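Index from 1, following the sequence. Treat the numbers as computed from the prediction; the structure is a model and nothing was measured.
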Amino acid sequence: MNCERLKIVVRGAVQGVGFRPFVYRLAAELKLKGSVSNSAQGVFIEVEGAHDCLQRFRSRLEKERPPRAVIQSLESSFLDAVGYGRFEIRETETGGAKTALILPDIAPCQDCLKEIFDTKNRRFRYPFTNCTNCGPRFSIIEALPYDRANTSMKKFAMCTECDREYNDPLDRRFHAQPNACPRCGPQLQLWDENGAILSEGDDALLLSADAIRAGKIVALKGIGGFQLIVDARDEQTVSRLRERKHREEKPFALMCASLKTVCGICQVSELAERLLVSPESPIVLLSAIPNHLPTGPPIGRTHLATSSDKSEIAQSVAPRNPNLGVMLPSTPLHHLLMHELDFPVVATSGNLSDEPICIDEQEALERLRGIADIFLVHNRPIVRHVDDSITRIMCGRELVLRRARGFAPLPIAVKSGQPNPLSTILSVGAHLKNTVALKIENNVFVSQHIGDLETEQAFGAFQRAAADLARLYDAKIDFVACDMHPEYLSTKYASELSAPKTEVQHHWAHVAACMAENEMHAPALGVAWDGTGYGLDGTIWGGEFLLAGNHGSFERVAHLRQFRLPGGDQAVKEPHRSALGVANRIRKKH
Ligand SMILES: [Zn+2]
Ligand SMILES: [Zn+2]
């Protein structure tokens, strides 16, 4: 037999998803010898055997890959055999450029869920159960490559049984970095508002459920930060939460134990159902079902929005809003808690309005003082804040409104032909709904949602996220891209960095991002109906039609008529100022 060696480098989201055990099994099945190893750049595979067999290996590698593995590139070459004696999984290699993808935090898989509700399983009711197909990732990674020693799980030494699973290539937990069990892993505690321990373990969870039933506000340390949880049917409690959080009208998100409960309060399309049960497990905006409507077609939006319509949901969850934002449990902890409660709860971010969510329990005691009554915490550190993502369905398409848990920091791959293909660019975003992004070669890594840069804490979170992305990917920044608005904190931050600064017009940034995401090329017409964008001429524009040309150029072909904005940006939040500006313009004309 003429023996050859096939060398393959796989790049993409292939770490921490059971890719190496899959390669091992596939090679074993085809009786190929060789090796597979992880490095910061991706997964390296070498297999030796007959040419036909190697071809089959390569095609099955792509076709039969684990469900969560995303292959972004696969390079292969046929070489002379070196005479491997067997197939082996090699230790992680260190060094080299860090371009491997970091996976987002993934909702529990069906196998793990079965285990936590199985009385005979050793992980029965264990809230930190995970495997290579699910569990925390981005929220626990401190550095690449993705190994236990580089995560916040490093302080938990695995017990013999967990260790056996971790080292068995045929086990679902083979190299599952956050692998843990009740004997060796993180544990729950219930604290009072001063941090005194009220109870531990499963008891802490059961007492939290009791507290929610009794109308208390529970601060829960989730996967990417604290959430505030209350009974969504209890008008008084929900109103109290609103008062304490200083949140006036913005709707609260709900969490339901099951899809069936969601269908009882909202209209759930097939697409919405897929989103709700997806591994990303985001908040999905859905139309609330009017409760006491006679049978027949709905009468209209106004009717949908009246108070008694949201079945058993308190009116102050989403005042005067026909929609509800709903999610299903996204971690084993949430599944266990919701299993104890047979009603929907409000699950909103653990913060004061406009501040980033708390990730540390000591910090939470301080910042959520006077908001939460009790704290359900655990001892697995959260490395970075990751909010719940928000999605909605529009025109039969999924639209991500807030990209965080389940999505961040997966990159958007940009096509070749971009200007400066080899440059590493840090983009620092605008002032409201900020995210930062880091372009390395063909990948744009988009940070988790950071929020409006209105408070000192939010600006702190922004600075951490920007530094964090660059550090994680070991990036040397060639350029920093920022908005043209001189007063944005993100623009000021960009000015302080040592890398040369490129200012990008606000609406053009929207249009260019949209083109990249949808793989569109110039010429293209972009219509930006945004709040405000600082224009090339220093005017704040509300809407612009931009014609995209070659090499990143654009031309404005139409815009809304100009009027004065009394108080500048202040007019964005106080529309009567804009109205005054428009009225003044009309008066002058006549
Ligand atoms: Zn799992
Ligand atoms: Zn264990």
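Formation of a donor-acceptor pair under 3.5 Å by the Arg405 side chain with backbone atoms of Glu280 is found in this model. For Ser287 (side chain) and Gln267 (main-chain N/O), no donor-acceptor pair under 3.5 Å exists by modelled atom type. In this structure, the side chain of Thr491 engages the main chain of Asp483 through a donor-acceptor pair within 3.5 Å. Listed for the Asn434 side chain is no donor-acceptor partner under 3.5 Å among the backbone atoms of Asp452. Ser139 contributes no side-chain N or O that, together with a main-chain N or O of Val383, makes up a donor-acceptor pair within less than 3.5 Å. The closest donor-acceptor contact from the side chain of His449 to the backbone of Asp388 lies at 3.5 Å or more, if one exists at all. When atom types are taken as modelled, the side chain of Arg402 and the backbone of Gly451 share no donor-acceptor pair closer than 3.5 angstrom. Under a 3.5 Å cut-off, the side chain of Glu574 and the backbone N or O of Arg577 do not form any donor-acceptor pair. One N or O on the side chain of Asn130 and one on the backbone of Phe128 form a donor-acceptor pair closer than 3.5 Å. At least one donor-acceptor pair closer than 3.5 Å links the side chain of Ser389 to the backbone N or O of Ala404.
In this structure, Ile289 and Ile265 have side chains that are not in contact, with every pair of non-hydrogen atoms separated by 4.5 Å or more. Counting heavy atoms from C-beta on, the side chains of Phe462 and Pro356 never come closer than 4.5 Å. Put simply, the side chain of Pro108 does not reach to within 4.5 Å of the side chain of Thr129, judged on heavy atoms. Pro104 places a side-chain heavy atom less than 4.5 Å from the side chain of Leu410. Taking 4.5 Å as the limit, some side-chain heavy atom of Leu472 sits within range of a side-chain heavy atom of Phe138. In this structure the side chain of Arg380 reaches within 4.5 angstrom of the side chain of Ile223, judged on heavy atoms. Side-chain atoms of Asp387 and His385, non-hydrogen and from C-beta on, do get closer than 4.5 Å to each other. Contact annotation: the side chain of Leu285 approaches that of Leu401 to within less than 4.5 Å [non-hydrogen atoms, C-beta and beyond].
A cation-pi arrangement is absent between Arg65 and Phe19, since the terminal nitrogen or guanidinium carbon is not both under 6.0 Å from the aromatic centre and inside a 45° cone about the axis. With Phe252 as the aromatic partner, Arg242 meets the cation-pi criteria of under 6.0 angstrom to the ring centre and within 45 degrees of the ring axis.
For the residue pair Pro319 and Ser316, the shortest heavy atom distance occurs at CD-O, 3.7 Å. Considering all non-hydrogen atoms of both residues, Ile357 and Ser349 come closest at CG2-CB, 3.0 Å. Residues Pro381 and Ile140 approach most closely at O-CG2, 4.3 Å, considering heavy atoms. Minimum interatomic distance between Ser281 and Leu328 (heavy atoms only, all atoms of both residues): OG-O, 3.4 Å. Nearest heavy atoms, Leu438 versus Leu469: CD2-O, 3.6 Å. Among all heavy-atom pairs drawn from Tyr146 and Pro136, the shortest one is OH-O, 3.7 Å.
One finds the CG atom of Leu453 at 8.0 Å from the CG atom of Leu432 (value rounded to the nearest 0.5 Å). Going from atom CD of Gln227 over to atom OG of Ser330 covers 6.5 Å, rounded to the nearest 0.5 Å. With rounding to the nearest 0.5 angstrom, the CE atom of Met515 is 11.0 Å from the CG atom of Leu546. Annotation: the span from Cys358 atom SG to Leu352 atom CG amounts to 9.5 Å, rounded to 0.5 Å. Of the inter-residue distances, the one linking Lys221 atom NZ with Ile359 atom CD1 reads 8.5 Å to the nearest 0.5 angstrom. Once rounded to the nearest 0.5 Å, the distance linking CG of Leu205 with CG of Leu336 reads 6.0 Å.
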May I have the step-by-step check of side chain to side chain contact (heavy atoms under 4.5 Å, CB included) for Ile212 and Leu337, ending in yes or no? CA-CA 10 Å; Ile212 295 165; Leu337 182 67; 4.1 Å; yes

Would you check, one step at a time, whether the test side chain to side chain contact (heavy atoms under 4.5 Å, CB included) holds for Val238 with Val230? CA-CA 7 Å; Val238 180; Val230 299; 4.1 Å; yes

Chi angles and distances behind the side chain to side chain contact (heavy atoms under 4.5 Å, CB included) call for Thr261, Ser258: CA-CA 5 Å; Thr261 316; Ser258 68; 3.0 Å; yes

Let me see the working for Phe226 and Arg367 under side chain to side chain contact (heavy atoms under 4.5 Å, CB included), right down to the final yes or no. CA-CA 11 Å; Phe226 272 81; Arg367 283 177 51 204; over 6 Å; no

Is there a ring pair (Phe, Tyr, Trp, His ring centres under 6.0 Å) between His339 and His335? Walk through the geometry before answering. CA-CA 6 Å; His339 189 71; His335 273 279; 9.4 Å; no

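Looking at Arg244 and Asp373, a side-chain N of the basic residue comes within less than 4.0 Å of a carboxylate O on the acidic one, giving a salt bridge.
Between His506 and His510, the ring planes are perpendicular. Angles over 60° get that label, and only those under 30° would be called parallel.
Surrounding CD of Glu340 are more than 12 heavy atoms belonging to other residues, nucleotides or ligands, all under 6.0 Å away.
Between the side chains of Asn351 and Gln457, no donor N or O sits under 3.5 Å from an acceptor N or O.
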